[in-house]
J.: 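Sharing a structure below in structure tokens format, with a few things to ask.
Chain A is the first sequence line, chain B the second, and so forth, proteins listed ahead of strands; every chain is numbered from 1.
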Amino acid sequence: MRHMQTENNDGRTAPAALAEYSLVLLYLAAFAVLSFTVDNFFSLRNMLGLALSMSQVGMVACTMMLCLAARDFDLSVGSIVAFAGVLCATLLNMYGSVLIAIVGALLGGALIGAFNGAVIAYLRINALITTLATMLIVRGLGFIVSDGQAVGVSNQGFIALGSLPLLGVALPVWITALCFVVFGIVLNQTVFGRNALAIGGNPEAARLAGINVDRNRLLIFLIQGVVTALAGVILASRITSGQPNAAQSFELDVISACVLGGVSLAGGRATISGVLIGVLIMGTVNNVMNLTNVDAFYQYVARGSILLAAVLLDQLRTRRENG
Amino acid sequence: MSGLRFEDIRKHFPGVKALDGVSFEAHAGSVHGLLGENGAGKSTLLKILGGQYRPDGGRILIDGIACQFQNAAAAIAAGVAIIHQELQYVADLSVTENLLLGRLPQRYGFVQRRAARLHAVARLRELGVDLDPDARLASLSIAQRQMVEICRALMRDARIIALDEPTSSLSHGETEVLFRIVRDLKARNKTLIYISHRLDELYALCNACTIVRDGRKVATHAQLSTVPRETLVSQMIGRDIADIYDYRPRPLGDLRLRVQNLSGGVLREPASFEVRRGEIVGFFGLVGAGRTELMRLVYGADRKRSGALVLDGAALTVRSPRDAIDAGIVLCPEDRKEQGIVPHSSVAENINMSSRRHHLRARLFLNKPHERDNADSYIARLRIRTPGHRQPIRLLSGGNQQKVILARWLGEPHLKVVILDEPTRGIDIGAKHEIYHVIYELAKRGCAVLVVSSELPEVLGICDRIVVMYQGRIRGELPRAAASEQKVLQLALPSDQLGAARIAVR
């Protein structure tokens, strides 16, 4: 290794590796401190509640990670959650079949996702604009389908989905955990995942390297639509109704969690462990603020500040990396 | 004394000694060449001079006065201007606004447009640069943007001007204009530092020259004109390369690729050519002659209007790079940074990006051990200088990035046609030599190699045949035996400019 040096290379050293895991360490430290200082925080009951409260955001963060990794953006997920919930509840009341209701809702999510992807990839309209539009359109569809009213559900089998404990842990938490495992593998072990990162890192280089950029982007949005619809179905089950008003600003929670986890908005950089930590940080902050009875108005300020601080931390880290 | 003096400059980064005691001086009224391979420490030295890095030891003296720059602004204030390879301008602002960036004349907060424009016009005239002061930078050529940057440096009363590979993206004619300006600055008693890999440029411009290697100074030649090329090359790379091109004729096989009446984009007239197995064909022409566009059409990167490809006797439909790669046609793009590398991804990722699809497990999962071995083996074979395959590729030097892109394609199992667009641009001699050997190796295996290059000696040096393009069409071709600088240029240049441009040819 005679020529180790390149002119703008700092080399990768122990502190750099430490910086990579700084967020994990920070979270663990904060967790330890909170366990001792906040009453009722470190209890099985609270932990399960925390996990359940973050299950929707967690699931969608997994696919949002792929989307951001490919330098795309999806603002429509909140609306899809609400729409899928409403659609699922309506279908359930119509046909009385849980299977038809869920399949129908997932299909709806897939269609919206595919529409997003097709417009962005093939019509080349900016992802921010496209999904801002579909965010409004799909929210409207939710109201139209439900006639502006919450659609109540009485099917016990469906309601069990959102609360059924398996080995003491609620089903939605298991599904979220499964999402993290599956999308961790997708990101790291499949061509599709690596291509998403390559597309986000340099779209033109990816195309010239033979990657079908357009098809990949379409697929990412399609998967995102399905997973988001699943989150909507689970939410509907948990609140025993399809609410057209549900999941307002959900998209911002999801994107915040990803960014907290070090996913670059400029594309090309994402880790599943980072996203997990990002989701946990968000959930923990909300949980602790509720436990300590922080006024809801102040909670907004606190959450925004933490997001800003985390992004700043990431900035400093990249800046040091770049010398 | 007046001029610039480096004394024992040291700088280390974690794990790397970038500069290990470099000393030399450059006199006012002279051009001092700085020569070294990529990674030798030239850019670090310039960044210290420009105040971007602080040295760990040593000092810089300007006109005999020691300077410690805390930041880039301090260096500018002391009269130092660095013209980087990557120019720093605001594309959407006019020439005038760029020239006076941050210093626009104003009154009560309102810009004095007339005064600004007059000022800009006066300085442009003084430098003999013919530019429209109202033109947006985005509408100018790279060379013209570079002129703007040099003008801006001079307007800040720079006395020390360092140019980092200023000609790497200039055409022949533009280079000549740059040379004139450099000579003019010399005559005005400025101190110039000139970095280039092109020895002819150094001989044409520089009085003296310093060579650095692995962070150390190897030699300073006070009288560059008396030093033979071979000495410079061997000092720069630390070993002798008898003939950098090292061309050996090889038997050519059957027809490999036939391109028929291809047109699209700037290629208005349909272009046709053929290439045989084992043949290396060079594509020469001025910047904008349509060489890159032609290659991109062959590769399916751009949409074609007309034309057909015949590969090994069978018609081939190429609608996308994917189709081309599946047929065994690959391309290393001209602009490594924008089109070749995925900057934040690792060396291994960049190498395996395409060929990994042949090695999947259960047709779905990546074969990580294979990818690691594959990356390591190419790092060794192509002598890619990197601390390891996990290194993000953006931290590698240009030459090594280029080798990574080559490695990406060498892993493809059935290579038939390899297209290299400016494969050695901005790359040092050692790495060039190694890339030439990869090209010969590919040709020996029966690949047809198409090399687009703006360096005439390179095209003459490594190619079996030279196709010359001019204004969007193929103007002629010359077999190696019949090709000479003169003949190639005759085809590449508009007839009336031949005399003027020959001077600028490297």
Side-chain angles (χ1 to χ4, degrees), chain A residues 1-20 69-71 182 185-216 262-264 266-271 318 320-323, chain B residues 13-18 37-44 47 53 214-215 296 299 301 320-326 330-331 333 335-345 349-350 352-354 356-357 360-361 364-366 368 383 385-388 390-392 394-397 400 405 408:
Chain A
M1 289 282 183
R2 184 169 65 96
H3 287 284
M4 284 270 288
Q5 67 268 49
T6 54
E7 280 175 10
N8 45 12
N9 172 11
D10 284 12
R12 275 176 83 80
T13 48
L18 203 68
E20 210 176 306
R71 209 185 275 189
V182 168
I185 292 172
V186 166
L187 182 70
N188 293 311
Q189 305 288 339
T190 70
V191 177
F192 174 65
R194 302 321 283 175
N195 284 356
L197 285 168
I199 291 167
N202 190 342
E204 183 60 8
R207 194 173 76 92
L208 291 180
I211 295 172
N212 190 334
V213 175
D214 296 340
R215 199 173 60 199
N216 265 279
V263 178
S264 165
R269 272 182 295 178
T271 60
T318 21
R320 190 172 46 194
E321 251 178 55
N322 291 340
Chain B
F13 296 112
V16 175
K17 264 187 190 164
E37 291 192 282
N38 291 333
K42 297 168 308 204
S43 294
T44 309
K47 282 184 177 158
Y53 290 162
D214 295 343
R296 285 176 61 93
Y299 189 55
S320 67
R322 173 82 274 142
D323 292 347
I325 296 163
D326 287 339
V330 300
L331 172 130
D335 189 337
R336 267 191 303 277
K337 220 167 114 189
E338 293 297 322
Q339 304 174 342
I341 65 167
V342 179
H344 293 289
S345 294
E349 265 309 301
N350 273 283
N352 288 302
M353 192 165 285
S354 175
R356 60 176 27 147
R357 70 188 195 287
L360 297 181
R361 286 177 168 167
L364 193 61
F365 300 106
L366 304 180
K368 289 277 171 97
R383 300 211 280 162
R385 288 167 196 167
T386 169
R390 288 165 180 272
Q391 181 82 344
R394 72 198 155 90
L395 298 178
L396 268 57
S397 68
N400 288 304
I405 307 291
R408 178 186 296 168

J.: Counting N and O atoms only, with roles assigned by atom type, does the side chain of B/Y299 sit under 3.5 Å from a partner on the main chain of A/L208, one being a donor and the other an acceptor?
T.: yes
J.: Do the side chain of B/N350 and the main chain of B/V342 share a donor and acceptor less than 3.5 angstrom apart?
T.: yes
J.: Among A/V191, A/I211, A/V186, who wins on heavy-atom pairs under 4.5 Å with chain B?
T.: A/V191
J.: NZ/B/K368 to CG/A/N188 distance, rounded to the nearest 0.5 angstrom?
T.: 5.5 Å
J.: Can you say whether A/I185 sits under 4.5 Å from chain B via the side chain, the backbone, both, or neither, judging by heavy atoms?
T.: side chain
J.: Is the closest basic N to carboxylate O distance between A/E204 and B/R296 below 4.0 Å?
T.: yes
J.: Let me know if B/K337 has heavy atoms under 4.5 Å from chain A in its side chain, its backbone, both or neither.
T.: backbone
J.: Any non-hydrogen side-chain atom of B/D326 less than 4.5 Å from a side-chain atom of B/R357?
T.: yes
J.: Could you check which of B/R408, B/R336, B/E349 has the highest count of heavy-atom pairs closer than 4.5 Å to chain A?
T.: B/E349
J.: Check whether B/E338 gets within reach of chain A through its side chain, its backbone, both or neither, counting any heavy atom under 4.5 Å.
T.: backbone
J.: Between A/G268, A/G210, A/P203, A/G201, who has the most heavy-atom pairs with chain B when the cutoff is under 4.5 Å?
T.: A/G210
J.: Short question: side chain of A/R71, backbone of A/A266 - any donor-acceptor pair under 3.5 Å?
T.: yes
J.: So for B/L360, is it side chain, backbone, both, or neither that comes closer than 4.5 Å to the heavy atoms of chain A?
T.: side chain
